[in-house]
Amino acid sequence: QAQLVESGGGLVQAGGSLRLSCVVSGRTFSRYSMGWFRQAPGKERKFVAAISWSGETTYYADSVKGRFTISRDNAKNTAYLQMNSLKPEDTAVYYCACDNSLIPSKLGSRYDYWGPGTQVTVSS
C-alpha cells in the first residue's frame with residue numbers, strides 16, 4: 001500500500017511562509033487526487049486544500065483562500081502546500097492524503113492513505 005511522508009513544518013512568525021511537501025511511495029499509481037488537512041489539539045481534523053490528478057482542479061477551505069496554494073509534481077509523486085501570510089490560527093499538525101480517483105474531495109473519509117503529519121506552529 002501507499003506510504004506518505006510530510007516534511008517542511010516548523011516554527012514561524014505570523015506573516016511568514018512555509019512550504020510543505022508530501023512524498024508518496026510504495027505502490028504503482030495511475031491517477032489519484034491528493035489533499036491536505038490539519039488538526040489542532042482537542043479539535044477535529046479540518047480540510048485545507050485538495051488537487052486533482054491533472055492539477056487543473058483545486059479546492060481550498062475558506063480560511064486559507066488567497067494565502068495557501070496546493071500543487072503537485074506527478075513525476076516525483078509529490079504534493080506541495082505553499083503557505084503564505086501565516087496566522088496563529090494556522091497552528092496545527094498538517095496531514096497529506098491521497099486516493100485513487102481523478103476528482104478531489106473536501107471530505108477526509110474519501111481518502112485512502114494518510115501521512116503521519118508535520119507540525120506547523122505560528123507565533124504571534
Side-chain angles (χ1 to χ4, degrees):
Q1 295 184 337
Q3 189 85 12
L4 283 66
V5 180
E6 304 94 340
S7 63
L11 174 64
V12 298
Q13 291 188 112
S17 298
L18 283 174
R19 186 194 189 213
L20 305 183
S21 298
C22 175
V23 178
V24 182
S25 62
R27 71 173 183 179
T28 300
F29 295 100
S30 55
R31 303 173 181 177
Y32 56 93
S33 298
M34 298 196 70
W36 286 94
F37 296 77
R38 65 188 183 186
Q39 186 171 26
K43 297 184 178 180
E44 296 181 337
R45 182 182 61 198
K46 299 285 189 178
F47 168 77
V48 176
I51 187 168
S52 64
W53 162 255
S54 67
E56 295 179 353
T57 301
T58 57
Y59 298 131
Y60 295 94
D62 289 342
S63 59
V64 306
K65 285 182 179 178
R67 300 189 298 121
F68 291 11
T69 302
I70 187 171
S71 62
R72 66 190 297 166
D73 184 340
N74 291 340
K76 297 181 179 180
N77 290 328
T78 302
Y80 305 94
L81 185 68
Q82 179 66 46
M83 305 184 294
N84 299 326
S85 301
L86 284 162
K87 305 174 181 180
E89 49 262 49
D90 294 318
T91 295
V93 176
Y94 283 70
Y95 301 91
C96 68
C98 71
D99 75 278
N100 190 26
S101 64
L102 293 174
I103 304 174
S105 175
K106 299 179 180 180
L107 302 176
S109 61
R110 299 292 296 273
Y111 291 84
D112 299 312
Y113 305 104
W114 295 79
T118 186
Q119 178 70 47
V120 172
T121 302
V122 184
S123 64
S124 59

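Reckoned from all heavy atoms, side chains included, excluding hydrogens, waters and symmetry mates. Here, residue 1 is the first one in the sequence, and each next residue gets the next number.
In terms of modelled atom types and a separation under 3.5 Å, the side chain of Arg31 and the main chain of Ser52 share no donor-acceptor contact. Distance alone, capped at 3.5 Å, places no donor-acceptor pair between the Thr58 side chain and the Ile51 backbone. At distances below 3.5 Å, not a single donor-acceptor pair connects side-chain atoms of Gln13 with backbone N or O atoms of Ser123. Remark: the backbone N or O of Tyr32 is not paired with any side-chain donor or acceptor of Ser101 at under 3.5 angstrom.
Other residues sharing a hydrophobic cluster with Tyr95 under the 4.5 Å side-chain heavy-atom criterion for ILVMFWY residues are Phe37, Phe47, Tyr59, Val93, Tyr111, Trp114.
In this structure Arg38 satisfies the salt bridge (charged side-chain N to carboxylate O under 4.0 Å, His left out) test together with Asp90, sequence neighbours excluded. Applying the side-chain contact (heavy atoms from CB on, under 4.5 Å) criterion to Ser85, with sequence neighbours excluded, gives Arg67. For Lys43, the salt bridge (charged side-chain N to carboxylate O under 4.0 Å, His left out) criterion is met by no residue, not counting sequence neighbours. The side-chain contact (heavy atoms from CB on, under 4.5 Å) check on Ser21 picks up Ser7, Thr78, Tyr80, with sequence neighbours excluded. For Gln82, the side-chain contact (heavy atoms from CB on, under 4.5 Å) test picks out Ser17, Arg19, Thr69, Asn84, with sequence neighbours left out.
Of all heavy-atom pairs between Gly9 and Leu20, the closest is N-CD2, 3.5 Å. Across every non-hydrogen atom of Pro104 and Ala50, the tightest pair is CB-CB, 3.7 Å. Across every non-hydrogen atom of Gln119 and Ala92, the tightest pair is NE2-O, 3.4 Å.
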